[in-house]
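Because the structure is predicted, anything quoted here is derived from the model rather than measured.
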Amino acid sequence: MDSNEKKELSESDIKAKFITPAIVQAGWDEMTQLRREVTLTPGPVVVRGNLSSRNKKKKKFADYVLQKEKGVPVAVVEAKENNYTISHGLQQALGYADILEVPCAFSSNGDGFASHNKAAAEGEDTETELGLDAFPSPAELWARYKRFRGITEDQEALVTEPYHDDGSNKEPRYYQAEAINRVIEKVAQGEKRLLLVMATGTGKTYTTFQIIYRLWKAKKAKRILFLVDRNILADQTLVNDFKPFGSVMTKIRNRKIDPSYEVYLGLYQALTGPDEEDKIFKSVKRDFFDLIVIDECHRGSANDDSAWKEILEYFNGAIQLGMTATPKETKYASNITYFGEPIYTYSLKQGIQDGFLAPYKVVRIDIDKDIHGWTPPPGMKDDLGNEIEQREYNQIDMDRILVLNQRTKLVAERVMKLLNATDPFQKTIIFCEDIDHAERMRKAIVNASGPLAKANSKYVMRITGDSIEGKAELDNFIDPESRYPVIATTSELLTTGVDAKTCKLIVLDKTINSMTTFKQIVGRGTRIEESQNKYFFTIMDFKKATELFKDPDFDGEPVVIYEPEDDDDPVPPDPEGDGEEDEAGSEEGEIIRKYHVGGVTVRIVAERVEVYGEDGQMVTESYRDYSRKNIRQEFGSLDDFLQKWNGSKKKAAIIEALAEYGIELPKLAKEVGTDYGDFDLICHIAFDQPPLTRAERANNVKKRNYFTQYGDKARAVLEALLDKYADEGIVSIENNNVLKLDPFKRLGTPVEIINGVFGGKAKYEAALQALETELFKQAS
């Protein structure tokens with residue numbers, strides 16, 4: 001093939017004819033080591049108002065990822081058409097190599113390869129060019145990878161232990177693979193105290209499973225303990241991510257450790273307690289477990305801290321891996337002090353930027369008595385006849401000490417107002433101060449929801465540690481296929497360990513002082529569930545909890561502020577060993593008198609809406625503002641847009657280019673007007689031009705006697721295309737399949753119309769192009 005012919009080939013042809021064969025010829029197995037068209041990140045979700053879409057301009061997509069084994073990437077190759085230079089895609093490939101943390105990046109246009117080697121030895125060039133027949137072998141790139149990652153020959157067998165493959169061809173996401181590989185490498189290097197920081201919703205349990213599976217299969221860990229803090233998390237793990245372990249796995253029950261298994265799931269509350277007979281972990285020898293993984297190792301209280309640490313210190317010879325979503329420490333406990341600095345961190349902010357996690361809209365609502373306070377008249381008694389202490393009550397007192405019935409009613413009505421304006425069946429969690437508050441809120445929602453709660457008594461349910469009926473419905477609440485319950489009122493039980501994938505609304509009517517707790521609560525909504533059309537969620541905040549957004553360390557580097565005290569209390573007993581004493585302990589351990597007052601009116605004094613966007617900043621712009629900014633970024637000026645629009649053979653290409661930014665014109669039309677076409681929407685939104693409806697544009701063409709240059713049949717076809725544009729828009733008339741529909745099929749088949757009426761495809765397309773030019777003439 002000569003060079004001119006090669007330059008005519010598409011990128012796909014260049015890959016198929018030159019690049020792929022060159023890589024395979026170098027010894028790379030096409031089925032197991034060569035991944036093609038790999039989406040590293042899907043691109044962030046853009047949220048403006050109640051609309052959302054993906055910004056595909058920020059999608060990360062590698063042409064080739066080369067791997068030693070599944071989940072162990074070693075290099076990236078970027079392909080370009082032949083009219084680009086060999087090294088044109090190298091910077092792009094380097095960006096992908098940085099994401100995957102691999103040493104080698106390559107670029108090719110089909111003539112050869114440009115190579116960047118971060119593991120180059122002293123005296124070696126970092127960047128070189130190679131012939132098409134000189135691509136490095138798997139052995140050579142693996143040697144570079146080992147040098148780059150500090151892997152020695154005796155560590156290689158463990159590092160290359162295969163991932164579990166369930167037959168579905170599922171590959172770990174890039175950050176999951178990196179977290180897994182980092183742990184395996186550190187274990188191979190002899191380290192025993194390891195910490196992973198991964199935001200809620202990023203697949204910590206799947207990541208944990210692959211770590212345990214690989215160490216278990218390699219016989220590096222023969223007995224493993226996975227410590228969790230909630231019964232539901234243990235049960236979910238048992239039947240979902242950990243299911244492949246089958247008969248070698250058990251859940252520790254009835255405060256007994258059966259030594260005949262290899263993989264154990266246990267609640268740390270069920271393994272220990274204040275008395276020696278409660279410490280069942282001591283029923284086995286200190287060397288019984290080879291690996292212990294502690295989920296959510298950030299519990300944030302002296303009691304929780306001492307519980308899991310007591311277990312870990314007993315099995316201090318085991319490899320110990322802490323998993324947490326919240327690297328910021330509390331004054332009580334420091335996972336960093338125990339485990340050391342995290343070996344890998346994947347933050348909430350990064351997850352949103354990549355598009356794996358859902359951004360969120362924040363509705364901050366201020367209630368007058370919360371903000372301005374309320375002082376009872378002297379001698380006033382509450383509804384139960386108790387004299388109310390004479391002082392000012394404000395936000396921190398509401399529903400903890402002072403219960404204003406009208407306030408509870410107001411919150412419930414505001415929640416239902418939002419749900420009814422969007423979707424009254426979107427899964428919602430309302431976090432309350434305590435169980436009593438959660439029950440009163442359930443009642444208030446029943447009354448505020450009217451026919452919705454009447455139609456099904458499970459529309460709203462209290463799901464708290466003491467409610468047998470509520471806890472029984474927890475599985476249904478988190479099941480994407482189950483409509484009811486829709487709303488859950490709770491206080492502590494749903495803060496962690498509940499995989500509520502379809503939760504779209506989180507209501508905070510609870511005082512939250514801990515960043516750990518706050519991030520855990522936010523984590524209930526961060527999962528994207530495309531099959532359920534869930535791309536973002538909303539936080540409705542009545543207690544200023546989201547002021548924690550303003551913390552400069554929000555998702556920053558971990559900070560140790562460990563302040564151990566001599567009189568730290570021992571862990572309280574958990575008689576049932578179900579991990580649900582947190583709620584009862586925090587809510588029943590201290591008796592607080594509450595004043596119930598029914599006759600005090602309350603009102604909303606302020607309401608603000610912001611979005612935590614893909615850039616990690618709180619933004620207030622509308623979908624319209626976002627679209628304007630990015631349309632101008634794409635085209636620069638009105639003249640630039642008009643030139644590209646009129647010069648484009650297919651207007652759909654321009655519409656698709658805007659969709660890459662997350663600008664979906666049908667959604668924009670709902671804000672501006674559905675009678676306007678894409679052209680007028682763009683001109684009006686971005687360049688302040690007065691818009692014309694599609695019908696007005698079509699009628700303007702008809703008034704100009706434009707069709708007199710055509711015969712009767714051609715005129716009939718073009719007039720029908722104008723009418724079709726007026727009804728459906730530009731994309732519909734650019735598709736030749738439109739000729740199969742009425743009224744065109746009365747004029748003949750598509751072939752008869754194109755060839756018989758217009759004299760061929762080229763002339764039909766020229767007539768359509770001329771018609772579009774007439775349609776979009778700007779007023780002089």
Side-chain angles (χ1 to χ4, degrees), residues 68-69 71-74 100-103 119 142 145-163 172 175-198 202 204-227 262-264 268 286-298 305 308-327 329 333-347 557-560 562:
K68 168 69 172 174
E69 306 283 350
V72 186
V74 296
L100 294 172
E101 301 201 30
V102 297
W142 177 239
Y145 180 87
K146 288 192 294 182
R147 188 159 61 245
F148 181 68
R149 306 275 291 210
I151 300 167
T152 61
E153 292 298 323
D154 61 327
Q155 298 163 3
E156 184 172 339
L158 180 57
V159 169
T160 57
E161 179 66 41
Y163 281 63
Y175 62 85
Q176 292 172 338
E178 184 59 25
I180 296 163
N181 293 339
R182 287 273 189 103
V183 172
I184 302 298
E185 289 171 16
K186 292 295 183 184
V187 170
Q189 292 162 9
E191 294 194 23
K192 288 196 168 186
R193 299 291 177 270
L194 307 166
L195 179 65
L196 282 179
V197 177
M198 295 176 67
T202 55
K204 289 201 301 296
T205 311
Y206 168 78
T207 301
T208 300
F209 164 72
Q210 290 288 5
I211 290 168
I212 293 175
Y213 179 86
R214 292 176 69 192
L215 293 173
W216 175 68
K217 289 294 286 186
K219 295 183 170 47
K220 184 69 176 178
K222 295 178 182 178
R223 285 202 189 96
I224 300 103
L225 173 62
F226 183 37
L227 274 176
E262 297 177 47
V263 179
Y264 296 79
Y268 65 73
R286 287 178 175 270
D287 62 355
F288 186 79
F289 293 113
D290 305 300
L291 169 66
I292 302 176
V293 181
I294 311 92
D295 189 63
E296 311 292 6
C297 65
H298 56 257
D305 184 43
W308 59 257
K309 279 193 181 173
E310 185 179 31
I311 298 168
L312 296 187
E313 285 165 0
Y314 182 78
F315 299 110
N316 62 4
I319 300 161
Q320 297 176 358
L321 169 64
M323 306 284 291
T324 181
T326 53
E329 306 296 304
S334 172
N335 47 47
I336 294 172
T337 301
Y338 184 84
F339 291 104
E341 291 294 325
I343 59 171
Y344 187 70
T345 297
Y346 190 74
S347 68
E557 289 300 309
V559 177
V560 177
Y562 183 41

So [Y] and [X], do their side chains get closer than 4.5 Å, heavy atoms only?
X: Leu194; Y: Val187; value: yes
X: Leu312; Y: Tyr268; value: no
X: Thr207; Y: Val183; value: no
X: Val72; Y: Thr160; value: no

What is the distance from atom [atom1] of [X] to atom [atom2] of [Y], rounded to the nearest 0.5 Å?
X: Leu196; Y: Thr208; atom1: CG; atom2: OG1; result: 7.5 Å
X: Met198; Y: Tyr344; atom1: CE; atom2: OH; result: 7.5 Å
X: Phe339; Y: Met323; atom1: CZ; atom2: CE; result: 11.0 Å
X: Gln176; Y: Phe209; atom1: CD; atom2: CZ; result: 12.5 Å
X: Tyr213; Y: Tyr206; atom1: OH; atom2: OH; result: 11.5 Å
X: Lys204; Y: Thr324; atom1: NZ; atom2: OG1; result: 7.0 Å

Taking side-chain hydrogen bond (donor to acceptor under 3.5 Å, both in side chains) as the definition, give me every residue that meets it alongside [X], ordered by chain and number, with sequence neighbours left out.
X: Lys68; answer: none
X: Arg193; answer: Gln320
X: Tyr264; answer: none

Please give me the minimum heavy-atom distance between [X] and [Y], naming the atom from each residue.
X: Arg147; Y: Ala119; value: NE-O, 2.9 Å
X: Asp287; Y: Asp290; value: O-OD1, 4.5 Å
X: Gly340; Y: Leu195; value: O-CD2, 3.7 Å
X: Gly71; Y: Pro172; value: CA-CG, 4.3 Å

Inset, instruction - Hey, could you give me each pair passing side chain to side chain donor-acceptor pair (under 3.5 Å) that has a residue in residues 179-190? Not counting sequence neighbours. - result: Glu101-Arg182, Tyr145-Glu185, Arg149-Glu185, Tyr163-Asn181, Glu178-Arg182, Asn181-Arg214

Inset, instruction - Say whether, by atom type as modelled, one donor and one acceptor occur between the side chain of Lys192 and the main chain of Gly317 under 3.5 angstrom. - result: yes

Legend entry - Sidechain-backbone polar pair: Gln155 side chain, Gly190 backbone, donor-acceptor under 3.5 Å: no

Inset, instruction - Assess whether side-chain contact (heavy atoms from CB on, under 4.5 Å) is satisfied between Leu158 and Leu215, documenting all intermediate values. - result: CA-CA 8 Å; Leu158 180 57; Leu215 293 173; 3.9 Å; yes

Inset, instruction - Please identify each residue that fulfils ring pair (Phe, Tyr, Trp, His ring centres under 6.0 Å) with Phe148, with sequence neighbours left out. - result: none

Distance-only criterion, 3.5 Å: show the donor-acceptor pairs between side-chain atoms of residues 219-226 and protein atoms not counting sequence neighbours.
none

